[in-house]
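Below: one structure, written as structure tokens.
Note that this is a predicted model, so its numbers are computed, not measured.
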Amino acid sequence: QVQLVESGGGLVQAGGSLRLSCAASGRTFGSYAMGWFRQAPGKEREFVTAISWNGGNTAYADSVKGRFTISRDGAKNMVYLQMDSLRPEDTAVYYCAADRSFTTPPSKLSLEYDYWGQGTQVTVSS
């Protein structure tokens with residue numbers, strides 16, 4: 001069992017930056033691929049980025065490529081999402097998720113993820 005807790009959301013102006021954190025509990029965190037998804041009001045949850053269990057592979061949605069960076073710290077059981085050059089369309093609730101499989105590259109499909117955090121709100125003003 002893995003519990004995920006996101007933090008770091010908030011209100012930022014367009015062009016600004018935020019760093020989201022996801023704290024994971026559980027001894028097997030190091031074997032999980034980790035992903036970030038987001039859901040804007042009235043829209044379906046969408047893939048943002050993911051990192052493989054060993055950090056060797058990453059995947060990004062086209063809409064965030066070059067602006068967002070995912071990373072993980074196995075020693076601290078943490079996953080991070082650095083978001084730069086934020087746009088109003090990035091406004092959403094951001095969710096951290098864990099995938100028990102060893103899929104490489106990491107999956108972009110939400111149904112592949114087994115554990116989810118409660119989400120953190122990111123609001124980008126224009």
Side-chain angles (χ1 to χ4, degrees):
Q1 188 77 11
V2 173
Q3 290 187 325
L4 305 173
V5 179
E6 304 95 334
S7 61
L11 174 64
V12 64
Q13 288 189 332
S17 297
L18 278 177
R19 187 195 196 204
L20 304 185
S21 299
C22 175
S25 65
R27 295 185 213 172
T28 54
F29 167 77
S31 63
Y32 295 166
M34 300 297 296
W36 287 95
F37 291 77
R38 68 186 181 186
Q39 187 167 17
K43 295 187 177 181
E44 293 187 354
R45 189 172 299 186
E46 66 173 1
F47 171 77
V48 177
T49 180
I51 188 167
S52 62
W53 65 276
N54 62 357
N57 284 277
T58 58
Y60 293 91
D62 289 342
S63 59
V64 306
K65 204 171 291 184
R67 300 188 298 122
F68 290 11
T69 304
I70 189 171
S71 61
R72 66 188 298 163
D73 185 335
K76 297 181 179 179
N77 279 11
M78 296 291 294
V79 178
Y80 305 101
L81 178 60
Q82 177 66 42
M83 305 187 294
D84 299 317
S85 302
L86 282 161
R87 304 167 180 168
E89 54 264 38
D90 295 318
T91 295
V93 177
Y94 283 71
Y95 298 90
C96 175
D99 175 3
R100 290 178 296 183
S101 71
F102 285 87
T103 304
T104 300
S107 176
K108 298 181 180 181
L109 301 177
S110 61
L111 57 85
E112 297 288 339
Y113 288 79
D114 305 288
Y115 305 103
W116 293 82
Q118 83 289 348
T120 185
Q121 176 70 46
V122 171
T123 303
V124 184
S125 63
S126 58

same_hphob_cluster([X], [Y]) at 4.5 Å side-chain heavy-atom cutoff:
X      : Y     : result
Ile51  : Val64 : yes
Val2   : Ile70 : yes
Val124 : Leu18 : yes

Which residue pairs pass the side-chain hydrogen bond (donor to acceptor under 3.5 Å, both in side chains) test with at least one member in residues 70-82, sequence neighbours excluded?
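Sorted result for residues 70-82: Gln82-Asp84.
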Looking at [X] and [Y], what are the two nearest heavy atoms and their distance?
X      : Y     : answer
Thr120 : Gly9  : OG1-N, 3.2 Å
Thr49  : Leu81 : CG2-CD1, 3.6 Å
Ser126 : Pro88 : CB-CG, 3.8 Å
Arg87  : Ser63 : NH1-O, 3.9 Å
Ser17  : Ser85 : OG-N, 4.4 Å
Thr104 : Ser52 : OG1-CB, 4.2 Å

Sole candidate of Tyr95, Tyr94, Tyr113 that passes ring-ring contact (aromatic ring centres under 6.0 Å, His included) when paired with Phe37
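Only match with Phe37 under ring-ring contact (aromatic ring centres under 6.0 Å, His included): Tyr113.
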Pairwise side-chain contact, [X] with [Y], heavy-atom cut-off 4.5 Å (strictly under):
X     : Y      : answer
Trp53 : Asp99  : no
Cys96 : Trp116 : no
Leu20 : Glu6   : no
Arg67 : Tyr60  : no

Roughly how far apart are [X] [atom1] and [Y] [atom2], rounded to 0.5 Å?
X     : Y     : atom1 : atom2 : value
Ser31 : Asn54 : OG    : CG    : 11.0 Å
Thr69 : Arg19 : OG1   : CZ    : 11.0 Å
Met78 : Cys22 : CE    : SG    : 7.0 Å
Phe68 : Leu86 : CZ    : CG    : 5.0 Å

Show the numbers, then the answer: is there a side chain to side chain contact (heavy atoms under 4.5 Å, CB included) between Val79 and Trp36?
CA-CA 9 Å; Val79 178; Trp36 287 95; 3.6 Å; yes
Taking only residues two or more places apart in sequence or in another chain, which ones pass salt bridge (Lys or Arg N to Asp or Glu O under 4.0 Å) with Arg38?
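By the salt bridge (Lys or Arg N to Asp or Glu O under 4.0 Å) rule, Arg38 matches Glu46, Asp90.
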With side chain to side chain contact (heavy atoms under 4.5 Å, CB included) as the criterion, how do Thr91 and Gln121 come out once you've worked through the C-alpha distance, each side chain's angles and the decisive distance to 0.1 Å?
CA-CA 8 Å; Thr91 295; Gln121 176 70 46; 4.0 Å; yes
Which residue in the set Met34, Gln3, Arg100 passes side-chain contact (heavy atoms from CB on, under 4.5 Å) when paired with Tyr115?
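Going through Met34, Gln3, Arg100 one by one, the side-chain contact (heavy atoms from CB on, under 4.5 Å) with Tyr115 is satisfied by Arg100 alone.
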